[in-house]
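Following: one structure in structure tokens, then a few remarks.
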Amino acid sequence: MKKQRKVILVGNGAVGSSFAFSLLQNMSSVELVVIDINKEKTMGDVLDLQDVTPMTGSSIVRAGTYEDATDADIAVVTAGVPRQPGETRLDLFKKNTNILKAIVMPIVNSGFDGCFVISSNPVDVLTTITQHLSGFSKEKVIGTGTSLDSARLCVELALKLNVLVSEVKNAYVLGEHGDSLFATFAEATVLGKKLSEIAALDKKSLQKLEESVRKRGSRIIDLKKATHYGVAVCLMRICKAILTDEEIMLPVSAPLVGQYGQKGIYLGTPAIIGTGGIKQVIEMQLVPAEFQKMKLSADKMREVLVSLE
Ligand code: NAD
């Protein structure tokens, strides 16, 4: 029997269980091992998820331990405390760093040699810390970064222009997955044409779109206490690209090694994703004001990281 590609998932909460559901629907043959301190709920979800597999292919789902990471291709980390109404993602920093520390080392000690994919918040900081703790090469550690925000920008643009979301392409949100994120519209196309040719959106309208994206997560949390479907599909998309060596450009939290004048941290930018993780970080052409916004995001991330020392 051909060995299935193997994913371990640490954190079976709202985000983790939604990711598991999405992965099983979008990959017909994977082995998914779920790890969480809440063993009872995990076993319930595992049984429920096993019932998905006959309809989608031949995947295997089971609860497991860190030793299962030894021959895994990907370790997805969604464990952590989520935001409460009124909290920022950075407020979660200390609690989630401690949780992350309890997860990364047992995975590394298992002999794991795959890619880490992180979505716990603050995701850019926690992705940077995962790379430091694991000692893995930078391309093997990826955060979901601004993938969710970029999806939200496409949704907001489609609603604004009254087009199908599939007609909106290359609209990216860059920088921190958090309050200092910013949107760049220069490469955005709608119905195959440059955004500027399709609609005369003035600076104020574009700022309003960016602000809607910035506030969308809090809006959802105020309404239903959690956001999980969007990021779950972003995680699935990144994992699928790694498992199938897709070499596709996705917005992620990627290691900057000079791009945008920054290095030593992970931040949201498009990158080419395939087997082995990040194949290339794509540096977008930014106007000086956007370049400055990237610097602000980077400075903010460094401030948080320094506070840990
Ligand atoms: P949740 O409370 O529903 O789930 C968290 C899970 O982590 C729980 O099942 C809990 O038992 C588990 N957990 C905690 N400590 C653990 C440990 N040491 N080992 C194993 N499991 C452990 O929370 P959620 O809504 O799923 O959110 C999880 C994280 O994802 C939060 O940090 C949240 O802010 C983040 N998030 C990120 C994005 C993004 O775009 N990056 C979007 C939404 C949520």
Side-chain angles (χ1 to χ4, degrees), residues 8-22 33-46 63-66 68-69 75-107 116-130 133 142-153 155 173 175-179 181 213-239 250-254 266-268 301:
I8 67 154
L9 164 66
V10 187
N12 179 53
V15 174
S17 57
S18 303
F19 158 72
F21 187 41
S22 179
V33 181
V34 188
I35 301 169
D36 194 293
I37 47 173
N38 186 341
K39 304 241 181 295
E40 203 173 325
K41 196 229 174 212
T42 299
M43 189 43 74
D45 269 334
V46 162
T65 67
Y66 288 111
D68 288 296
V76 173
V77 181
T78 66
V81 182
R83 278 194 292 162
Q84 299 303 315
E87 272 190 316
T88 71
R89 294 174 182 93
L90 288 178
D91 292 333
L92 307 173
F93 169 55
K94 289 225 162 78
K95 286 180 241 172
N96 283 350
T97 300
N98 287 333
I99 292 174
L100 188 75
K101 281 181 180 165
I103 291 168
V104 172
M105 289 326 290
I107 293 178
F116 277 100
V117 182
I118 312 294
S119 74
S120 311
N121 275 320
V123 67
D124 304 291
V125 175
L126 294 190
T127 306
T128 306
I129 292 174
T130 301
L133 286 173
I142 308 171
T144 47
T146 46
S147 52
L148 177 58
D149 311 288
S150 298
R152 287 173 173 165
L153 182 62
V155 171
V173 173
E176 177 201 5
H177 170 60
D179 292 342
L181 62 76
V213 170
R214 190 173 289 117
K215 295 271 154 64
R216 205 172 157 100
S218 305
R219 209 176 138 205
I220 299 171
I221 286 174
D222 287 345
L223 289 166
K224 59 169 271 193
K225 307 274 184 282
T227 81
H228 48 106
Y229 295 130
V231 68
V233 175
C234 294
L235 276 168
M236 177 280 292
R237 203 64 200 80
I238 294 168
C239 290
L250 295 171
V252 293
S253 191
Y266 281 70
L267 271 181
M301 294 305 97

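Predicted, not measured: the structure shown is a model, and the values here were computed from it. Every number for a ligand or one of its atoms is a count from 1 in the order of the listing. The figures here come from the full heavy-atom set of this structure, side chains too, leaving out hydrogens, waters and symmetry mates.
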Polar atom proximity, A14 to ligand 1 (N or O, under 3.5 Å): yes
Distance filter under 4.0 Å to N96 heavy atoms, resulting ligand 1 atoms: 32 (O)
Interfacing atoms of ligand 1 (cut-off 4.0 Å, heavy-atom, L92): 34 (O)
By side chain to side chain donor-acceptor pair (under 3.5 Å) - contacts of K39 (at least two apart): none
For T78, atoms of ligand 1 separated by under 4.0 Å from a heavy atom: 28 (C), 29 (C)
The one among I37, V77, N12, N38 that brings a heavy atom closest to atom 14 (C) of ligand 1: I37
Option set A79, G80, S17, G11, criterion heavy-atom distance to atom 5 (C) of ligand 1, minimum: G80
Closest heavy-atom pair and its distance - A75, I107: CB-CD1, 4.1 Å
Nearest atoms (heavy-atom pairs only) where C239 meets V76: SG-CG2, 3.6 Å
For T146 against G175, the heavy-atom pair lying closest together: CG2-O, 3.5 Å
Element-labelled atoms of ligand 1 that are located less than 4.0 Å from some non-hydrogen atom of S119: 30 (O), 35 (C), 36 (N), 37 (C), 38 (C), 39 (C), 41 (N)
Any donor-acceptor N/O pair, N98 side chain to K95 backbone, under 3.5 Å: no
Spacing of CZ belonging to F116 relative to CG belonging to L126, to within rounding of 0.5 Å: 12.5 Å
L92 to P82 - nearest heavy-atom pair and separation: CD2-O, 3.6 Å
Per-atom contacts of ligand 1 with T227, taking only distances under 4.0 Å to non-hydrogen atoms: 42 (C), 43 (C), 44 (C)
Location of contacts on A102 toward ligand 1, heavy atoms closer than 4.0 Å: neither
Distance-minimising heavy-atom pair for S119 and V15: OG-CG1, 3.9 Å
Residue, atom name and distance, where the atom is the protein heavy atom closest to atom 4 (O) of ligand 1: G13 CA, 3.1 Å
More than 12 heavy atoms from other groups under 6.0 Å of NZ on K41: yes
Contact check: V81 vs ligand 1, nitrogen or oxygen atoms, below 3.5 angstrom: yes
Option nearest atom 15 (N) of ligand 1 (shortest heavy-atom distance, choices I99, V231, L100, I118): I99
Heavy-atom closest pair, residues K225 and D222: NZ-O, 4.4 Å
T144 neighbourhood, listing ligand 1 atoms whose heavy-atom distance to it stays under 4.0 Å: 41 (N)
Nearest non-hydrogen protein atom, atom 23 (O) of ligand 1: P82 CG, 3.4 Å
Check: D124/H177 side-chain N/O donor and acceptor closer than 3.5 Å: no
Any N/O pair V15/ligand 1 closer than 3.5 Å: yes
Atom 12 (C) of ligand 1 [closest protein heavy-atom partner, distance rounded to 0.1 Å]: D36 OD2, 3.2 Å
Ligand 1 to N121 polar contact by distance, N or O atoms, under 3.5 Å: yes
Identity and distance of the protein heavy atom lying nearest atom 40 (O) of ligand 1: H177 NE2, 3.1 Å
